[in-house]
Amino acid sequence: MRRLSFLLRPSWAILAVVVAAFAYLCFTVLAPWQLGKNISTSHRNNLIADSVNAAPVPVGRFLADPKARDTEWRQVTATGTYVPGSTVLERLQRLNDKPAYGVLAEFRLDDGRTLLVDRGLVGAADGSHLPTIADPPPGQQRLEGRVRKSEGVIPGKEPMTQDGYRQVYSIDTTQIGTVLGTPLTTIPTGGAGGYLQLSDNQPGVFTPQPLPQLDAGPYLSYGLQWIAFGVMAPLGLGYFVYAEIRERRRERSTPPADSTPTPTEPATTTTTSTTSQAESATATALSAPSPTATIEDTSKPTESALPATEPRSRTNAERLADRYGGARR
């Protein structure tokens, strides 16, 4: 346990808390958020793909079953009449990358119930001004469109009246019913109440809302990445703890280097220095020439300085004297 006591230091404790919090968020918030978006997008794409090949059914079939689910994007038909003076505009829309308005209206079915109908988009005049909105055709009409879920209310964006039209910022059947002063019948979808979005070439339609692309998006890969990050964070912390333990073990096993000189070292150094000086002086004295030798050497002419003489022949007496060490008398 003493090996791990350093983990109680504030720096290591803070690091452990941050890693644990990050891993917790990865597994419980971030990864489920992205994976949930992938599931919902894939489910929506399946509903759209199924609705393309499915024949339209009367909207009353869904209205008769309040617990109906997965009805969004289904093609339905409705028979009835538009309610005059029920136009409501949806602000902040785009049509061909230009400002536009969504046009909404009430549609009363033959049985007396009232649906909300999305008539499509109309571009803003001069890019910013409200265009002229044509009234829906009167009389009995047969409409064909798709079931859509309410978008909900945007906080802080209250309905308003401008240029003679009631305007909202999102399509919410409850809010628009309050604006019109008429309770609207919602189409069951298994979630938020639904309304009818007109298809192309229908009575009173402008430019229909296009279908979304059947693309699941990058949500699955993002979710897997957050899971990987949640796994890698604790592993990284474990590696740093292991590296710290290994480094501390290495420091304990390595003896510290003793750089402090012992008390006898100065005396030894002095003695060695004195001995070296004596040896140097002796060598110098031996190598220096003596004064006598210097005088003799300077007084004796060198062989190269003597004049060259021709050799003479020696006598027999001189050779005998050199042999027996005697001098000729």
Side-chain angles (χ1 to χ4, degrees), residues 32 36-90 102-120 136 139-155 157-159 166 168-200 202-205 208-212 214:
K37 293 180 69 174
N38 175 75
I39 293 174
S40 61
T41 303
S42 300
H43 181 63
R44 182 205 64 183
N45 293 342
N46 293 334
L47 293 177
I48 295 175
D50 294 340
S51 68
V52 171
N53 300 322
V57 298
V59 69
R61 174 179 172 180
F62 297 139
L63 295 177
D65 183 9
K67 296 183 180 180
R69 302 178 60 86
D70 296 335
T71 61
E72 189 177 18
W73 304 107
R74 287 292 304 271
Q75 298 187 76
V76 296
T77 58
T79 305
T81 58
Y82 283 103
V83 177
S86 62
T87 299
V88 178
L89 301 182
E90 183 186 10
V103 183
L104 311 172
E106 290 182 66
F107 188 80
R108 182 171 290 112
L109 300 175
D110 292 338
D111 58 7
R113 288 179 291 188
T114 304
L115 300 179
L116 179 65
V117 174
D118 181 2
R119 298 174 58 192
Q140 188 80 1
Q141 306 292 336
R142 181 183 182 276
L143 305 181
E144 184 175 320
R146 295 179 182 272
V147 177
R148 294 298 312 277
K149 285 183 180 180
S150 293
E151 300 171 356
V153 178
I154 300 177
K157 298 293 185 180
E158 300 298 330
R166 290 160 291 194
V168 294
Y169 288 89
S170 63
I171 302 179
D172 183 80
T173 54
T174 302
Q175 184 185 67
I176 295 176
T178 303
V179 170
L180 293 173
T182 303
L184 299 175
T185 301
T186 58
I187 304 174
T189 61
Y195 60 94
L196 181 61
Q197 185 181 80
L198 293 184
S199 301
D200 198 9
Q202 297 300 308
V205 71
Q209 296 274 5
L211 289 175
L214 301 182

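Positions are given from 1 along the sequence.
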In the structure I gave you, are the side-chain heavy atoms of [X] and [Y] within less than 4.5 Å of one another anywhere?
X      : Y      : value
Arg69  : Lys67  : no
Leu116 : Ile171 : yes
Arg148 : Asp118 : no

Contact summary for [X] and [Y], nearest pair of heavy atoms:
X      : Y      : result
Tyr82  : Pro203 : OH-O, 2.8 Å
Trp73  : Arg146 : O-NH1, 2.9 Å
Pro208 : Leu198 : CB-O, 3.8 Å
Thr87  : Arg166 : O-NH2, 3.9 Å
Gly80  : Asp110 : CA-OD1, 3.5 Å
Thr186 : Gly193 : CB-CA, 3.7 Å

What's the spacing between [X] [atom1] and [Y] [atom2] if we round to 0.5 Å?
X      : Y      : atom1 : atom2 : value
Ser170 : Ile176 : OG    : CD1   : 7.5 Å
Glu72  : Asp70  : CD    : CG    : 9.5 Å
Leu211 : Gln197 : CG    : CD    : 7.5 Å

Does [Y] offer a backbone N or O that forms a donor-acceptor pair with the side chain of [X] under 3.5 Å?
X      : Y      : answer
Gln75  : Glu144 : no
Arg119 : Val103 : no
Ser42  : Ile39  : no
Ser86  : Glu106 : yes

Using the side chain to side chain contact (heavy atoms under 4.5 Å, CB included) definition, which of the options Thr79, Leu109, Leu196, Thr77 pairs with Val59?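 Option passing the side chain to side chain contact (heavy atoms under 4.5 Å, CB included) with Val59: Leu109.
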Do you know which of Gln175, Lys157, Glu158 makes side chain to side chain contact (heavy atoms under 4.5 Å, CB included) with Tyr169?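 Considering Gln175, Lys157, Glu158, a side chain to side chain contact (heavy atoms under 4.5 Å, CB included) with Tyr169 is found only for Lys157.
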Ile187/Leu63 under side-chain contact (heavy atoms from CB on, under 4.5 Å): CA gap, chis, key distance, verdict: CA-CA 6 Å; Ile187 304 174; Leu63 295 177; 4.2 Å; yes
